[in-house]
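As a basis for the values below, the full set of heavy atoms in this structure was taken, side chains included, without hydrogen atoms, waters or symmetry mates.
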Amino acid sequence: MLQIEPTDRCNLSCSMCAPHHEGWAQVHAVPKGLMDLGRYEKILRSLAEEDCRFDHVIFQWLGDPSLHPQLEDMLALAQDHLAGRVGYLRVDTNAIVLTPARMDRLVEVYARRPELPILFVCTLDAHTPETYHRVKGQDALARVRRNVRHLIMRRARLPFSDVRLNVQLQFVVQEGNHRELGAFVEYWSDLLRCHGGGRGYSEIMVKRLSVGAGGPGQLAADLLYEQATARDHIVEEDRGHVHVKVWQDRPWQSTAVTPGPRQPCPGLWVTPVVRHDGHLMMCCADLAGHLDLGPLHESSFRTLWGGAVATSRRLAHIQGRFDEVGPCGTCGGIGWYTTRPEQIRETLIAAGREDLWEGYAARAAV
C-alpha cells in the first residue's frame, strides 16, 4: 500500500498518540506543514508514468487529512492519475471538520468515478462525550456524530446500483474507554441499520492499542483488548447491514504469541509513505523520519524504493542486523502485514546476494 500525508497537523491530542498528545513541535524532525498541491500532482504523474501499482492508497500519516483545505482536490487528482492502478482510496480522519457541506463535496468527488472505491475510516474511540473528551482531548463527539451520520445518509441517496463509497468506524480499545465498547458497537450498528440503506460497505473495526512500537505496556494493552471484547461479547460477524471486525493480529512482532527470531519487518517492503513535504519514507512506524529515501518529486518512485539505500536496509533486516537500521533496533516490528519469502528472495536476487538465502531460511524456518 502507499500512504500519503496531506498534513502532519492534528486538531486532537489523543492519549494514544505521543506526537500530538505531548505537543511535539516537530513530528518527523521537519517543520509541520501541508502538502503542496502542485508537488503532489507531480508525484502522482510520475507514479502513473512508471505504472506503479498499489493495493490501496491511504491519505493520512501523523496528522488529520481533513485539515488540508484541498483534500477534495487531492482525492480527485488521485482518481485521475491512479485509477486502474490502485484497488481503492482510503481517508483516515477524526471527521471533526468534515462538516455536512464538506462531506457532500467528498461524496461528489467519489461520484466522478464511482467504479474506484473510496473508504472513509473514522476513528471515534468513545460512546459518550465525557469519554471522548478524556481520550481525544476535545469535546467534539456531537460534531463528529453529526458529520458521520450525514455521510452515511448522503451515501444512501446515491443513484448508483453498485455503491463503493465505504465507511469504517474505529474503536481503539484502551484504558480510558474500554467500558464503552459494547455501547459503541450497538449505537453505530443500529444507526447503520436505520440509515445505511444497504448502500456501500460498512464496518465497525475494534482495534488493539499500539504502545510505543511494541514496547513496555503492549502486553497489558493486548490483555485489556482481549478482556474487553470477551466481556462485551464482541466477535467478528456479518450483521447484514454492517460487518463487525475484531483485530486478531497483534500489531507488533514483539508481542507474538509464539516468540522466535525476529523476522524482516514488512515495513521496509510494503509500507512506503510520502511525507507532507514530498519525501519518500520506508516505514509507516518511523515517526521521527529516520528512514528517509529522498524527495519523491525530484526522483522517481522506482529509483528511490529500489535504490542502494533501501536495498542496504532490507539486507540488514534479512541478516537480523536490526540495530544498524535507524530506529529498527528498538521497534517491535509491525505485525499487521507479512513479509513473504518470495519478497525476500527477490530482494536477494536483485542485490546479487543469493548467498544470504540459506541463513535467512534457517532463521525463518521457511
Item checked: Ion pair Arg345/Glu354, N-O distance below 4.0 Å -> no

Check: Between Arg45 and Glu41, is there a side-chain N and carboxylate O pair less than 4.0 Å apart?
Finding: yes

Item checked: From CA spacing to verdict: side-chain hydrogen bond (donor to acceptor under 3.5 Å, both in side chains), His150, Thr99 -> CA-CA 9 Å; His150 184 85; Thr99 62; over 6 Å; no

Margin query: Using side-chain contact (heavy atoms from CB on, under 4.5 Å), reason through Tyr132 and Val135 one step at a time and then give a plain yes or no.
Written below: CA-CA 5 Å; Tyr132 189 94; Val135 301; 5.5 Å; no

Checklist line | Lys/Arg-Asp/Glu bridge criterion (N-O < 4.0 Å) met for Arg102, Glu72 | finding: yes

Item checked: Residue pair Thr128 / Glu180, side-chain donor-acceptor N/O under 3.5 Å -> yes

Item checked: Heavy-atom pair with the smallest gap, counting every atom of Val97 and Ser66 -> CG2-OG, 3.3 Å

Note to self: Quick one, Trp188 with Val242, criterion side-chain contact (heavy atoms from CB on, under 4.5 Å). Give me CA distance, side-chain angles, the key distance, then yes/no.
What the structure shows: CA-CA 9 Å; Trp188 288 105; Val242 64; over 6 Å; no

Notebook entry, point to check: With distance as the sole criterion, is a donor-acceptor pair present between the side chains of Gln218 and Asp222 under 3.5 Å?
Noted result: yes

Next item on the list: Evaluate the criterion side-chain contact (heavy atoms from CB on, under 4.5 Å) for residue pair Leu89 and Gln79; output intermediate values, then yes/no.
Entry: CA-CA 8 Å; Leu89 306 177; Gln79 289 176 320; 4.1 Å; yes

Checklist line | Minimum heavy-atom distance between Leu268 and Met282, given as atom pair plus value | finding: O-CE, 3.5 Å

Note to self: Could you tell me if Arg262 sits above the aromatic ring of Phe322, with its cationic atom closer than 6.0 Å to the ring centre and no more than 45 degrees from the axis?
What the structure shows: yes

Next item on the list: Mind listing the closest non-hydrogen atom pair of Arg85 and Ala48 along with its distance?
Entry: NH2-O, 3.4 Å

Margin query: Working to the nearest 0.5 angstrom, can you tell me the gap between Met74 CE and Phe59 CZ?
Written below: 6.0 Å

Next item on the list: Compare all side-chain heavy atoms of Thr271 with those of Met1 and state whether any distance is below 4.5 angstrom.
Entry: yes

Margin query: Do Val274 and Glu5 make a side-chain contact, defined as non-hydrogen atoms from C-beta onward lying under 4.5 Å apart?
Written below: no

Check: How long is the span from the CD1 atom in Ile4 to the NE2 atom in His68, to the nearest 0.5 Å?
Finding: 11.0 Å

Notebook entry, point to check: If every non-hydrogen atom of Gly33 is compared with every non-hydrogen atom of Arg9, which pair is closest and at what distance?
Noted result: CA-NH2, 3.8 Å

Notebook entry, point to check: Is the shortest heavy-atom distance from the side chain of Val91 to the side chain of Leu119 under 4.5 Å?
Noted result: no

Next item on the list: With salt bridge (Lys or Arg N to Asp or Glu O under 4.0 Å) as the test, would you mind laying out the steps for Arg208 and Glu226 before giving the verdict?
Entry: CA-CA 9 Å; Arg208 296 174 185 266; Glu226 289 153 12; 3.1 Å; yes

Checklist line | Steps toward salt bridge (Lys or Arg N to Asp or Glu O under 4.0 Å) verdict (Glu186, Arg239) | finding: CA-CA 11 Å; Glu186 290 308 312; Arg239 300 188 178 187; 3.3 Å; yes

Checklist line | Asn177 and Asp125: side chain donor to acceptor below 3.5 Å | finding: no

Next item on the list: Flag the pair Met35 / Asp277 as yes when at least one side-chain heavy-atom distance between them is below 4.5 Å, and no otherwise.
Entry: no

Next item on the list: Kindly indicate, with the supporting measurements, whether the criterion side-chain contact (heavy atoms from CB on, under 4.5 Å) is fulfilled by Trp247 and Tyr225.
Entry: CA-CA 9 Å; Trp247 200 354; Tyr225 176 88; 3.5 Å; yes

Note to self: Between Tyr360 and Pro264, is there a side-chain heavy-atom distance shorter than 4.5 Å?
What the structure shows: yes

Next item on the list: Considering only NZ, NE, NH1 and NH2 on the basic side and carboxylate oxygens on the acidic side, decide whether Arg113 and Asp80 come within less than 4.0 Å.
Entry: yes

Margin query: Does the plane of the ring in Phe301 sit parallel, tilted or perpendicular to the ring in Trp305? Use 30° and 60° as the thresholds.
Written below: parallel

Note to self: Classify the ring geometry of Phe160 against Tyr110: parallel below 30°, tilted from 30° to 60°, perpendicular beyond 60°.
What the structure shows: perpendicular

Margin query: Taking the side chain as everything from C-beta on, heavy atoms only, tell me whether Ile118 gets closer than 4.5 Å to Asn166.
Written below: no

Next item on the list: Mark yes when over 12 heavy atoms from residues, nucleotides or ligands other than Glu358 sit less than 6.0 Å from its CD; otherwise mark no.
Entry: no

Checklist line | Electrostatic pair Arg321-Asp323, nearest N-O below 4.0 angstrom | finding: no

Note to self: I need the Ser202 OG to Leu191 CG distance, nearest 0.5 Å.
What the structure shows: 10.0 Å

Next item on the list: For the residue pair Thr123 and Asp92, establish whether any side-chain heavy-atom pair is separated by less than 4.5 Å.
Entry: no

Checklist line | Pairwise distance CE(Met205) to CG(Leu124) - rounded to 0.5 angstrom | finding: 13.5 Å

Check: Do you know which two heavy atoms are closest between Leu304 and Gly294, and how far apart they sit?
Finding: CD1-O, 3.8 Å

Check: Is a side-chain donor-acceptor pair under 3.5 Å present for Glu203 with His243?
Finding: no

Notebook entry, point to check: So, Asn11 and Asp64: side-chain donor and acceptor under 3.5 Å apart, yes or no?
Noted result: no

Margin query: Between His317 and Gln263, is there a side-chain heavy-atom distance shorter than 4.5 Å?
Written below: no

Item checked: Approximate separation, where rounding is to 0.5 Å, of Leu2 CG and Arg53 CZ -> 14.5 Å

Notebook entry, point to check: In terms of side-chain heavy atoms, does His279 have a donor or acceptor partner in Asp292 at a distance below 3.5 Å?
Noted result: yes

Margin query: The criterion is side-chain contact (heavy atoms from CB on, under 4.5 Å); which residues satisfy it with Arg134, sequence neighbours excluded?
Written below: Thr131

Check: How many angstroms lie between atom CG of Leu181 and atom CG of Asp232, to the nearest 0.5 angstrom?
Finding: 5.0 Å

Enumerate donor-acceptor pairs with a distance under 3.5 Å from any side-chain N or O in residues 140-148 to protein atoms, sequence neighbours excluded.
from   : atom 1 : to     : atom 2 : distance (Å)
Arg143 : NH2    : Gln138 : OE1    : 3.0
Arg145 : NH2    : His127 : O      : 2.7
Arg145 : NH2    : His127 : ND1    : 3.2
Asn147 : ND2    : Ala95  : O      : 2.8
Asn147 : ND2    : Ile96  : O      : 3.1
Asn147 : ND2    : Leu98  : O      : 3.2
Asn147 : ND2    : Arg143 : O      : 3.3

Note to self: Between Lys245 and Glu236, does any side-chain N to carboxylate O distance fall below 4.0 Å?
What the structure shows: yes

Notebook entry, point to check: What are the two closest heavy atoms between Asp8 and Pro31, and how far apart are they?
Noted result: OD2-O, 4.2 Å

Checklist line | Hydrophobic cluster partners of Leu62 (side-chain heavy atoms under 4.5 Å) | finding: Val27, Trp61, Val273, Met281, Leu287

Margin query: Between Ser46 and His297, do the side chains contain a donor N or O and an acceptor N or O under 3.5 Å apart?
Written below: no

